[in-house]
Amino acid sequence: MITFLSGGTGTPKLIRGARRYLDDSAITVVVNTAEDLWISGGHLSPDIDTLLYLFSGRLNTGTWWGIVDDTFLTHDELLLMGVDEYIGIGDRDRAVQIARGELLKSGCTLTEATRILSERMGITAAVLPMTDQQVATLIRTGDRVIHYQEYWVKHRGSLPIDEVIRYSPTGPSATGQVLSAIESSDMVIIGPSNPVTSILPVLECDGIIPALMDAFVIAVSPFIGDAPVSGPAAALMRARGLSPDSRSTAALYRDIIDLFVQDIRDPVDVPGSVRLDTLMTGEEQSASLAQALLSMRG
Ligand code: GDP
């Protein structure tokens with residue numbers, strides 16, 4: 001069993017490659033849920049959805065969110081009706097979010113709801129929310145505090161970040177399923193996901209750090225030089241007082257990792273790191289990187 005800790009882009013790209021060498025039933029993904037949001041009556045769980053669509057073979061890999069060839073009739077109509085649905089939710093994607101919302105409203109935990117949706121999509125990989133408790137990444141910009149989705153999707157990451165806040169009224173703690181998956185894994189791979197918004201929320205779940213300390217853990221850097229391969233990770237690192245590079249990322253994960261992987265092009269020196277081509281510009285590159293990582297199994 002191989003377990004990945006994942007957000008919604010960098011790690012799913014790596015998992016796409018790993019599927020060439022592993023049966024889906026041998027893959028567990030512990031997924032960030034700090035970007036989840038109730039919107040237009042459905043429950044959006046963006047990173048979980050990316051994994052569900054990846055494993056069910058219908059992810060839009062042009063954007064790494066949503067269902068390929070989805071239509072946006074309901075979204076367009078909602079905008080006409082004056083609803084500020086600032087995230088472009090596709091029609092079929094929306095159906096999944098409504099189904100999840102109904103399951104949650106009927107009393108299911110997010111873990112149960114994800115298992116039921118996985119079954120309905122014929123998925124044999126274990127897609128596990130990091131926690132069943134509510135967690136949200138919020139951004140303080142000036143005197144306003146907004147949801148991370150609003151910062152990144154509505155405002156396209158254009159607002160200054162004064163603080164990154166993790167809001168969780170009751171927790172969060174890792175689920176029993178997450179902890180036992182880590183315990184029974186041959187290897188845990190922290191993919192090249194955004195440290196501040198995708199991986200730290202997972203690491204902040206109670207119980208995760210001790211479980212990872214006992215496991216064989218490899219992390220892949222999402223940075224090359226002082227910039228991420230894509231997305232807002234640099235601004236978020238700076239807001240946490242960290243330089244946006246592999247050195248800071250390795251330091252963040254220091255207590256839990258056995259190996260740190262950075263790109264062959266990265267000018268930043270992280271002593272002891274393994275150098276690989278981590279640029280996953282297509283399925284072949286993802287597969288090569290995955291194969292190299294899987295061969296490091298301790
Ligand atoms: P999000 O949930 O959509 O923010 O996605 P993740 O957190 O899973 O991934 C975002 C991170 O993936 C960004 O910081 C990127 O730098 C990183 N990333 C995307 N593609 C690649 C790639 O091909 N190689 C590497 N090393 N990092 C990548």
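Note that the numbering runs from 1 along the sequence shown for the chain.
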Please say yes or no: joined through hydrophobic side-chain contacts below 4.5 Å, possibly via intermediate residues, are [X] and [Y] part of one cluster?
X    : Y    : answer
F4   : Y21  : yes
F216 : I182 : no
V30  : V135 : yes

| field | Audit row: R100, D49, salt bridge (charged side-chain N to carboxylate O under 4.0 Å, His left out) steps and yes/no | value | CA-CA 10 Å; R100 178 186 295 113; D49 286 335; 2.4 Å; yes
| task | For the pair Y148 and Y151, name the ring-plane relationship: parallel under 30°, tilted 30 to 60°, perpendicular over 60°. | result | tilted
Check whether any side-chain N or O of [X] sits under 3.5 Å from a backbone N or O of [Y] as a donor-acceptor pair, and report yes or no.
X    : Y    : result
S286 : R16  : no
T50  : P46  : yes
D266 : G225 : yes
Q285 : G282 : yes
T71  : L73  : no
D186 : R297 : no
S248 : P244 : no
R166 : A34  : no
T61  : W64  : no

I'd like to know if the side chain of [X] pairs up with that of [Y] as donor and acceptor (distance under 3.5 Å, no hydrogens or angles considered).
X    : Y    : answer
T278 : D263 : yes
Q177 : T111 : no
S25  : T124 : no
D91  : T74  : yes
S158 : R156 : no
D132 : T175 : no

| said: Counting neighbours of CD on E183 that are heavy atoms of other residues, nucleotides or ligands and sit closer than 6.0 Å, is the number greater than 12? | reply: no
Within the 4.5 Å heavy-atom criterion, are [X] and [Y] side-chain neighbours or not?
X    : Y    : answer
F55  : V127 : yes
V220 : M280 : no
T33  : T131 : yes
T114 : V31  : no
L212 : L5   : yes
L44  : D36  : no
F260 : T249 : yes
E35  : W152 : no

Minimum heavy-atom separation for [X] and [Y], please, with both atom names.
X    : Y    : answer
S40  : E85  : OG-OE2, 2.5 Å
A233 : F223 : CB-CZ, 3.8 Å
Y53  : M121 : CE2-CE, 4.2 Å
M237 : S243 : CE-O, 3.6 Å

| note | Applying ring-ring contact (aromatic ring centres under 6.0 Å, His included) to H43 and not counting sequence neighbours gives W38
| query | Of T137, N32, D47, which is the lone residue that meets side chain to side chain contact (heavy atoms under 4.5 Å, CB included) with T197? | reply | T137
| said: With rounding to the nearest 0.5 angstrom, report the CD1 to CD1 distance, I89 to I39. | reply: 4.5 Å
| Looking at CZ of R140 and CD of E163, how far apart are the two atoms once the value is rounded to the nearest 0.5 Å? | 5.0 Å
| Test side chain to side chain donor-acceptor pair (under 3.5 Å) applied to T141 and D162, step by step | CA-CA 5 Å; T141 176; D162 294 309; 4.7 Å; no
| task | Go through S193 and S198 one step at a time and tell me if the side chain to side chain donor-acceptor pair (under 3.5 Å) criterion holds. | result | CA-CA 6 Å; S193 282; S198 294; 4.8 Å; no
Would you call [X] and [Y] a salt bridge, taking side-chain N to carboxylate O under 4.0 Å as the test?
X    : Y    : answer
R265 : D277 : yes
R115 : E112 : no
R20  : E284 : yes

| message | I'd like to know whether Q149 forms a side-chain contact (heavy atoms from CB on, under 4.5 Å) with K154, so could you lay out the CA-CA distance, the side-chain angles of the two residues, the decisive distance to 0.1 Å, and finally the verdict. | response | CA-CA 7 Å; Q149 294 285 358; K154 184 171 184 174; over 6 Å; no
| field | Audit row: T170, Q134, side chain to side chain donor-acceptor pair (under 3.5 Å) steps and yes/no | value | CA-CA 7 Å; T170 58; Q134 188 201 344; over 6 Å; no
